[in-house]
Amino acid sequence: MAITPYRPATDPFDQLWNTFLNPGGHTRGEGLLRAPETDVMETENEIKVVSDIPGLHPEDIDIDVENNVLTIRGERKEEHQEGDEGTYHLAERRYGQFSRSFVLPRDVDQEHIQARFDDGVLTVTIPKSEKARRRRIEVTGNNQGGQGQQMS
């Protein structure tokens with residue numbers, strides 16, 4: 001299963017962008033939330049994609065499948081405002097949109113994919129189709145204790 005990578009915050013291209021190519025002073029990742037950490041597990045009957053997305057609600061998450069690519073998108077909206085609640089001296093929490101995509105095997109049952117979001121953990125369960133499940137194939141043959149038929 002392929003995973004679309006994201007660039008970490010220490011990406012040298014980001015440093016180049018911020019140092020030389022950015023006349024407006026905006027950072028390249030502004031408005032983007034880092035892609036969530038994700039585990040992908042496979043059993044005989046299904047594939048599970050488990051992502052940590054704390055601080056979101058189910059209505060903040062969109063999941064779709066198109067051309068055998070599962071995409072998880074979401075947005076954490078900025079909560080802090082200056083004014084009656086006080087003055088912010090430090091604001092390090094990330095806000096914005098994220099997107100994470102996974103290429104699925106061809107033999108999955110797209111009609112029965114399920115997603116559940118509990119306590120900041122998103123679990124997407126992708127059942128495999130009957131064609132993709134492992135089957136034991138019985139070996140048959142001539143059981144003559146190692147003596148084959150003679151050919152005339």
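- Listed here is the closest heavy atom pair of A35 and R100: CB-CD, 3.7 Å.
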Could you go step by step and tell me if I137 and V139 meet the side chain to side chain contact (heavy atoms under 4.5 Å, CB included) rule?
-> CA-CA 6 Å; I137 308 299; V139 178; 5.8 Å; no
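- Among residues at least two apart or in separate chains, side-chain hydrogen bond (donor to acceptor under 3.5 Å, both in side chains) pairs with a member in residues 49-61 are T38-S51.
- Judged as a side-chain contact (heavy atoms from CB on, under 4.5 Å), and not counting sequence neighbours, the contacts of E42 are I47, K128.
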List the steps, then state whether side chain to side chain contact (heavy atoms under 4.5 Å, CB included) holds for I72 with D62.
-> CA-CA 6 Å; I72 301 169; D62 291 318; over 6 Å; no
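- A distance of 4.5 Å separates CG of D107 from OG of S129, quoted to the nearest 0.5 Å.
- In this structure, Q114 CD and I63 CD1 are separated by 11.5 Å, a value rounded to the nearest 0.5 Å.
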Test side chain to side chain contact (heavy atoms under 4.5 Å, CB included) on F117 and L56 and set out the steps.
-> CA-CA 9 Å; F117 188 67; L56 269 68; 4.3 Å; yes
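- Legend: residues meeting side chain to side chain donor-acceptor pair (under 3.5 Å) with D118, ordered by chain and number and at least two apart, are R116.
- Atoms CD and OG1, on E46 and T43 in that order, are 4.5 Å from each other to the nearest 0.5 Å.
- For residues 63-73, every residue pair satisfying the side-chain hydrogen bond (donor to acceptor under 3.5 Å, both in side chains) rule, not counting sequence neighbours, is listed here: D64-R73, N68-Q110, T71-S101.
- Remark: T123 engages K48, V50, V121, T125 in a side-chain contact (heavy atoms from CB on, under 4.5 Å) (not counting sequence neighbours).
- The side-chain heavy atoms of V49 and F102, taken from C-beta on, include a pair separated by under 4.5 Å.
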V69 and L104: side chain to side chain contact (heavy atoms under 4.5 Å, CB included), yes or no, with the steps?
-> CA-CA 6 Å; V69 176; L104 299 174; over 6 Å; no
